[in-house]
Chemist: 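First, the structure itself, so that you have it in front of you.
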Amino acid sequence: MKLLLDTHLLLWAAGSGIHSINELTDEAAALIDDLANELFFSAVSLWEITIKNSLGREDFKVDPHLLLRGLLDNGYSELPIKTIHTLGVSSLPNIHKDPFDRLLVAQATVEGITLLTCDPQVASYPGPIRRV
(Lines give C-alpha, C1' and ligand atoms only; values in the text may rest on other atoms or scores of the structure.)
Protein backbone atom coordinates (compact mmCIF):
# COMPACT_ATOMS: atom_id res chain seq x y z
CA MET A 1 0.00 0.00 0.00
CA LYS A 2 1.23 3.53 -0.76
CA LEU A 3 1.18 5.75 2.33
CA LEU A 4 1.69 9.50 2.57
CA LEU A 5 2.56 10.56 6.12
CA ASP A 6 1.31 13.90 7.37
CA THR A 7 3.83 16.30 8.87
CA HIS A 8 3.38 15.31 12.51
CA LEU A 9 3.65 11.61 11.73
CA LEU A 10 6.85 12.28 9.78
CA LEU A 11 8.35 14.10 12.75
CA TRP A 12 7.28 11.41 15.17
CA ALA A 13 8.52 8.57 12.94
CA ALA A 14 11.87 10.31 12.59
CA GLY A 15 12.05 10.97 16.33
CA SER A 16 13.23 14.48 15.44
CA GLY A 17 13.85 17.23 17.95
CA ILE A 18 11.35 17.14 20.80
CA HIS A 19 9.36 14.54 18.91
CA SER A 20 9.40 10.96 20.07
CA ILE A 21 8.76 7.76 18.18
CA ASN A 22 6.74 6.85 21.29
CA GLU A 23 4.08 9.33 20.14
CA LEU A 24 3.17 7.00 17.26
CA THR A 25 0.19 4.77 17.86
CA ASP A 26 0.76 1.03 17.53
CA GLU A 27 -1.28 1.09 14.32
CA ALA A 28 0.82 3.90 12.81
CA ALA A 29 4.09 2.21 13.80
CA ALA A 30 2.94 -1.11 12.31
CA LEU A 31 1.98 0.53 9.00
CA ILE A 32 5.27 2.44 8.82
CA ASP A 33 7.34 -0.64 9.72
CA ASP A 34 5.54 -2.94 7.26
CA LEU A 35 8.00 -3.45 4.40
CA ALA A 36 5.10 -4.15 2.04
CA ASN A 37 4.07 -0.48 2.31
CA GLU A 38 5.65 2.23 0.19
CA LEU A 39 6.21 5.35 2.31
CA PHE A 40 5.96 8.88 0.93
CA PHE A 41 6.56 12.33 2.30
CA SER A 42 5.38 15.52 0.68
CA ALA A 43 7.47 18.54 -0.17
CA VAL A 44 4.69 20.48 1.58
CA SER A 45 5.66 18.87 4.90
CA LEU A 46 9.27 20.00 4.58
CA TRP A 47 8.01 23.45 3.60
CA GLU A 48 5.77 23.54 6.69
CA ILE A 49 8.61 22.39 8.94
CA THR A 50 10.99 24.98 7.48
CA ILE A 51 8.53 27.84 7.97
CA LYS A 52 7.40 26.86 11.46
CA ASN A 53 10.98 26.14 12.56
CA SER A 54 12.06 29.62 11.41
CA LEU A 55 9.19 31.09 13.46
CA GLY A 56 10.58 29.39 16.58
CA ARG A 57 7.81 26.83 17.03
CA GLU A 58 9.03 24.29 19.59
CA ASP A 59 7.03 21.46 18.02
CA PHE A 60 8.85 22.01 14.70
CA LYS A 61 12.37 22.37 16.07
CA VAL A 62 14.24 20.13 13.67
CA ASP A 63 16.81 20.73 10.95
CA PRO A 64 14.79 20.17 7.76
CA HIS A 65 17.97 19.31 5.82
CA LEU A 66 18.80 16.49 8.24
CA LEU A 67 15.19 15.32 8.23
CA LEU A 68 15.16 15.17 4.43
CA ARG A 69 18.41 13.17 4.37
CA GLY A 70 17.04 10.79 7.01
CA LEU A 71 13.78 10.25 5.13
CA LEU A 72 15.58 9.50 1.86
CA ASP A 73 18.13 7.27 3.61
CA ASN A 74 15.28 5.29 5.18
CA GLY A 75 13.53 4.58 1.89
CA TYR A 76 10.84 7.26 1.85
CA SER A 77 9.93 8.65 -1.57
CA GLU A 78 9.32 12.35 -2.08
CA LEU A 79 5.99 13.50 -3.47
CA PRO A 80 6.63 16.85 -5.17
CA ILE A 81 3.96 19.54 -5.28
CA LYS A 82 2.34 19.68 -8.73
CA THR A 83 -0.09 22.20 -10.15
CA ILE A 84 -2.83 19.55 -10.22
CA HIS A 85 -2.39 19.17 -6.43
CA THR A 86 -2.80 22.90 -5.83
CA LEU A 87 -5.90 22.96 -8.02
CA GLY A 88 -7.26 19.98 -6.08
CA VAL A 89 -7.46 22.13 -2.95
CA SER A 90 -10.29 24.12 -4.55
CA SER A 91 -12.60 21.11 -4.56
CA LEU A 92 -12.11 20.30 -0.86
CA PRO A 93 -14.87 21.07 1.62
CA ASN A 94 -14.02 23.85 4.06
CA ILE A 95 -13.30 21.53 7.00
CA HIS A 96 -9.81 22.64 7.94
CA LYS A 97 -8.13 26.03 7.48
CA ASP A 98 -4.48 24.84 7.56
CA PRO A 99 -3.12 25.25 4.00
CA PHE A 100 -0.42 22.62 4.51
CA ASP A 101 -2.93 19.98 5.60
CA ARG A 102 -5.33 20.91 2.80
CA LEU A 103 -2.56 20.44 0.23
CA LEU A 104 -1.64 17.05 1.75
CA VAL A 105 -5.29 15.97 1.41
CA ALA A 106 -5.38 17.16 -2.20
CA GLN A 107 -2.13 15.33 -3.01
CA ALA A 108 -3.42 12.10 -1.50
CA THR A 109 -6.70 12.41 -3.38
CA VAL A 110 -5.15 13.26 -6.75
CA GLU A 111 -2.45 10.57 -6.48
CA GLY A 112 -4.67 7.90 -4.91
CA ILE A 113 -2.25 7.48 -2.01
CA THR A 114 -3.56 6.89 1.51
CA LEU A 115 -2.81 9.85 3.77
CA LEU A 116 -1.96 8.77 7.31
CA THR A 117 -2.86 11.38 9.90
CA CYS A 118 -3.48 11.70 13.61
CA ASP A 119 -5.54 14.87 13.10
CA PRO A 120 -9.30 14.25 13.43
CA GLN A 121 -10.12 17.29 11.28
CA VAL A 122 -7.92 16.07 8.43
CA ALA A 123 -9.36 12.57 8.80
CA SER A 124 -12.87 13.94 8.27
CA TYR A 125 -12.14 14.82 4.63
CA PRO A 126 -13.48 12.43 2.00
CA GLY A 127 -10.85 10.49 0.14
CA PRO A 128 -8.02 8.09 0.86
CA ILE A 129 -7.34 9.21 4.45
CA ARG A 130 -6.70 7.00 7.45
CA ARG A 131 -6.55 8.26 11.02
CA VAL A 132 -3.98 6.42 13.10
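From a predicted model like this one, the values you see are computed outputs, not experimental measurements. The analysis underlying the following values was restricted to heavy atoms, covering all of them including side chains, and did not include hydrogens, waters or symmetry mates.
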Chemist: Write down the atom of E78, the atom of A43, and the distance for their closest heavy-atom approach.
Modeler: OE2-CB, 3.7 Å
Chemist: Tell me whether D73 at atom CG has more than 12 heavy atoms from other residues, nucleotides or ligands lying less than 6.0 Å away.
Modeler: yes
Chemist: Are L115 and L31 connected in a single hydrophobic cluster, I mean Ile/Leu/Val/Met/Phe/Trp/Tyr linked by side-chain heavy atoms less than 4.5 Å apart?
Modeler: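 No, separate clusters.
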Chemist: Show the nearest heavy-atom pair for residues P64 and I49, with the distance to one decimal.
Modeler: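 Between these two residues, the closest heavy atoms are CB-CG2, 4.3 Å.
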Chemist: Do any N or O atoms from the side chain of Y125 and from the backbone of R102 form a donor-acceptor pair under 3.5 angstrom?
Modeler: no
Chemist: Is the backbone of V62 close enough, under 3.5 Å, to the side chain of N53 for a donor and an acceptor to pair up by distance?
Modeler: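 It does hold such a pair.
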Chemist: Going by the rule salt bridge (charged side-chain N to carboxylate O under 4.0 Å, His left out), which residues pair with E38 if we only count those two or more places apart in sequence or in a different chain?
Modeler: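 In terms of salt bridge (charged side-chain N to carboxylate O under 4.0 Å, His left out), with neighbours along the sequence ignored, E38 is linked to no residue.
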Chemist: Without swapping roles, check the side chain of E48 against the backbone of P99 for a donor-acceptor pair under 3.5 Å.
Modeler: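 Between the backbone of P99 and the side chain of E48 there is no qualifying donor-acceptor contact (under 3.5 Å).
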Chemist: Could I get the full list of salt bridge (charged side-chain N to carboxylate O under 4.0 Å, His left out) partners for K82, not counting sequence neighbours?
Modeler: E111
Chemist: Is there a side-chain contact between Q107 and I113, using heavy atoms and a 4.5 Å cut-off?
Modeler: no
Chemist: Rounded at 0.5 Å granularity, tell me how far OG1 in T109 sits from NE2 in H85.
Modeler: 9.5 Å
Chemist: Determine the minimum heavy-atom distance between P128 and A108, stating which atoms define it.
Modeler: CG-O, 3.5 Å
Chemist: More than 12 non-hydrogen atoms from neighbouring residues, nucleotides or ligands closer than 6.0 Å to CD1 on I95, yes or no?
Modeler: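 More than 12 within 6.0 Å, yes.
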Chemist: For Y76, which residues count as a ring pair (Phe, Tyr, Trp, His ring centres under 6.0 Å) partner, sequence neighbours excluded?
Modeler: none
Chemist: Does a donor on one side chain sit under 3.5 Å from an acceptor on the other, for H8 and D6?
Modeler: no
Chemist: Give the minimum heavy-atom separation between L92 and A106, together with the two atoms involved.
Modeler: CD1-N, 4.3 Å
Chemist: Over all heavy atoms of both residues, which pair between R131 and C118 is shortest? Give the atoms and the distance, please.
Modeler: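 Residues R131 and C118, closest heavy atoms: NE-O, 3.6 Å.
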Chemist: Look up atom CG in L10 and atom CG in L46, then write down how far apart they are to the nearest 0.5 Å.
Modeler: 7.5 Å
Chemist: Going by ring pair (Phe, Tyr, Trp, His ring centres under 6.0 Å), name the pairs with one or both residues in residues 99-122, residues two or more places apart or in two chains.
Modeler: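 As it turns out, the ring pair (Phe, Tyr, Trp, His ring centres under 6.0 Å) pairs with a partner in residues 99-122, which skip direct neighbours, are W47-F100.
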Chemist: Which heavy atom of S90 sits nearest to which heavy atom of L87, and what is that distance?
Modeler: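 Closest heavy-atom pair between S90 and L87: OG-O, 2.7 Å.
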Chemist: Is there a path of hydrophobic side-chain contacts, each under 4.5 Å between heavy atoms, that joins V89 and V44?
Modeler: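 Both belong to a single hydrophobic cluster.
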Chemist: Can you sort out the partners of L72 under side chain to side chain contact (heavy atoms under 4.5 Å, CB included), two or more places apart, ordered by chain and number?
Modeler: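 Only F41, L68, R69 meet the side chain to side chain contact (heavy atoms under 4.5 Å, CB included) criterion with L72.
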Chemist: Report the distance from atom CG of N37 to atom CG of L3, rounding to the nearest 0.5 Å.
Modeler: 4.5 Å
Chemist: Rounded to the nearest 0.5 Å, how far does CZ of R130 lie from OG1 of T117?
Modeler: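 So the OG1 of T117 and the CZ of R130 are separated by 13.0 Å.
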Chemist: Enter the distance from I32:CD1 to L5:CG here, rounded to the nearest 0.5 Å.
Modeler: 4.5 Å
Chemist: So, using salt bridge (charged side-chain N to carboxylate O under 4.0 Å, His left out) as the criterion, who are the partners of D98 when residues are at least two apart?
Modeler: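 Partners of D98 by the salt bridge (charged side-chain N to carboxylate O under 4.0 Å, His left out) criterion, ordered by chain and then number, come out as K52.
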Chemist: Check for me, please, whether V105 and F40 land in the same ILVMFWY cluster - side-chain distances under 4.5 Å, paths through other members count.
Modeler: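 In one cluster with V105: F40, yes.
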Chemist: Would you check, one step at a time, whether the test side chain to side chain contact (heavy atoms under 4.5 Å, CB included) holds for S42 with L4?
Modeler: CA-CA 7 Å; S42 172; L4 174 62; 4.0 Å; yes
Chemist: When hydrophobic residues are tied together by side-chain contacts of less than 4.5 Å, even through go-betweens, does L104 share a cluster with I51?
Modeler: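 Linked, L104 and I51 end up in one cluster.
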Chemist: Are L67 and F60 co-members of a hydrophobic cluster defined by side-chain heavy atoms under 4.5 Å apart?
Modeler: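 Same hydrophobic cluster.
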